[in-house]
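Structure first, commentary second.
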Amino acid sequence: MSVQWNLEQMRLFVSVAEQRSFSAVARQQRKAQSAVSSSIALLEEDLGVSLFERSSGRQPRLTEAGSALLQEAREILRQCDRLNGRALAMMRGQEARLRLAQDEAMPFQPVLDSLEALAEEFPSLEVQLASAAQGDVARKLLERRADLGLLFHHEHMPEALERQALGSVEMVTVCAVGHPLAHEQRVDRQLLARHRQLLISPLTSGYPGGEAISPQVWRADSFYVMAEWLMRGLGWAWLPRHVVQYPAYQHQMVELVSEWTPPALVVELVWRRDEPLGLAARWLAQRFAVHLKAIG
């Protein structure tokens, strides 16, 4: 069987499968609905299988074959983005400007040390640094307001982004020095559940340590906001160790010996798949990984 289908048909297939509507995809693509339907029909003819069940008055549903081929189609489109991205990077060479977005709770010393080294290695490079609460870093990348992101791994990473693990930071169980738990030699889940718990938000963040143990929970979108609440005795929390060690919090928090602590937060480098890292961005990523391991 000769391959006649094209990438436009593959994109339409994925879009219709995700939106479950020929008309919605037609409006989005500014095409006639009949043109979208015809493109899908030609794709089905080339592949030799039916991709959608088409019942009158109902949303298109994937057939068994369509469901099996959907992930393959998505991977083809991802590979195309990577190909275009690598070609673009080769054409550009060193970038003139680097816009870096970071989770505001990122360990600050590795970032500062890495940027200092970057200035020496690329003296003509313009750098813009934005700090944001978790979730906003990925949004800046998607909206093309940042070229490179540093954030903590979570499960709900947008499909358009690539990511690379650089290292990790330890999580610890803590409370304020004046909190009732501060004098306990060891705490278990039952004891922790008797006191208000401070958690990172939102519920769908997918961060390690997002589990609510206590029936009373306060949530914030910043580890530093949680730390400020904690110092005022508003509850106990799981925080990254480097946040607990921040100079302003010295001697005001107590690390609790607990039967369970969340796994380490994985620090990830994130970028758009269709806009690959330039020379300076790749160099900065390598330096940051080195400095991050140094504080571990």
Side-chain angles (χ1 to χ4, degrees), residues 100-113 129-140 149-156 167-268 291-292 295-296:
L100 176 64
Q102 64 165 5
D103 189 303
E104 66 172 2
M106 195 60 55
F108 66 92
Q109 195 63 48
V111 174
L112 292 176
D113 290 344
L129 176 64
S131 296
Q134 59 95 7
D136 289 337
V137 174
R139 191 173 302 114
K140 287 180 182 294
L150 285 172
L151 46 71
F152 298 115
H153 172 83
H154 56 90
E155 299 300 327
H156 306 288
S168 61
V169 294
E170 183 185 6
M171 295 288 282
V172 292
T173 308
V174 288
C175 68
V177 291
H179 192 276
L181 290 173
H183 305 292
E184 298 289 340
Q185 291 186 343
R186 185 177 182 85
V187 295
D188 57 20
R189 294 171 70 94
Q190 288 184 332
L191 185 55
L192 290 172
R194 297 174 191 166
H195 302 272
R196 183 187 295 115
Q197 181 180 4
L198 310 178
L199 277 173
I200 198 74
S201 65
L203 289 168
T204 57
S205 68
Y207 276 16
E211 177 189 4
I213 288 179
S214 172
Q216 187 178 8
V217 171
W218 282 19
R219 291 182 177 270
D221 64 358
S222 163
F223 284 121
Y224 284 105
V225 169
M226 291 170 59
E228 293 292 336
W229 286 353
L230 186 139
M231 287 198 303
R232 286 157 178 77
L234 296 177
W236 63 272
W238 293 309
L239 292 177
R241 180 173 293 282
H242 69 272
V243 173
V244 176
Q245 293 175 341
Y246 191 69
Y249 306 146
Q250 290 295 307
H251 311 300
Q252 299 192 57
M253 297 185 186
V254 175
E255 181 178 342
L256 301 172
V257 179
S258 176
E259 65 178 359
W260 185 82
T261 300
L265 287 175
V266 176
V267 176
E268 291 187 328
H291 289 303
L292 184 64
I295 70 166

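This structure is a prediction, so every number in the text was calculated from the model and none was measured.
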Students often mix this up, so state it plainly: with edges at 30° and 60°, are the rings of Tyr224 and Tyr249 parallel, tilted or perpendicular? tilted
Quick one, [X] and [Y] - any side-chain contact, counting heavy atoms below 4.5 Å?
X: His291; Y: Gln109; result: no
X: Met171; Y: Leu239; result: no
X: Val174; Y: Leu230; result: yes
X: Gln102; Y: Val137; result: no
X: Leu100; Y: Leu150; result: yes
X: Leu181; Y: Leu256; result: yes
X: Gln245; Y: Met253; result: no
X: Val266; Y: Phe152; result: no

For [X] and [Y], which heavy atoms make the closest approach, and how far apart are they?
X: Ser214; Y: Leu192; result: CB-O, 4.2 Å
X: Ala220; Y: Met226; result: CB-CG, 4.0 Å
X: Pro215; Y: Ala193; result: CD-O, 3.3 Å
X: Leu191; Y: His195; result: O-CD2, 3.4 Å
X: Ala237; Y: Leu198; result: CB-O, 3.6 Å
X: Arg219; Y: Ile200; result: NH1-O, 2.9 Å

Walk me through whether His242 and Met106 qualify under side-chain contact (heavy atoms from CB on, under 4.5 Å). CA-CA 9 Å; His242 69 272; Met106 195 60 55; 5.9 Å; no
What distance separates Met231 CE from Cys175 SG, expressed to the nearest 0.5 Å? 13.0 Å
Would Val169 and Leu292 count as a side-chain contact (heavy atoms from CB on, under 4.5 Å) here? Give the steps. CA-CA 8 Å; Val169 294; Leu292 184 64; 4.1 Å; yes
Passes side-chain contact (heavy atoms from CB on, under 4.5 Å), Gln197 versus Gln216? Steps please. CA-CA 6 Å; Gln197 181 180 4; Gln216 187 178 8; over 6 Å; no
Under 3.5 Å, side chain of Glu259 to main-chain N/O of Arg189, donor-acceptor pair present? yes
Does Arg196 reach the main-chain N or O of Leu234 with its side chain, forming a donor-acceptor pair under 3.5 Å? yes
Identified side chain to side chain donor-acceptor pair (under 3.5 Å) counterpart of Thr173 within the set Trp236, Trp260, Trp238: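 With Thr173 as partner, side chain to side chain donor-acceptor pair (under 3.5 Å) holds for just one option, Trp238.
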Is the number of heavy atoms from other residues, nucleotides or ligands within 6.0 Å of CD (Gln250) greater than 12? yes
What do the steps show when you test His179 against Arg232 for side-chain contact (heavy atoms from CB on, under 4.5 Å), and what is the final call? CA-CA 9 Å; His179 192 276; Arg232 286 157 178 77; over 6 Å; no
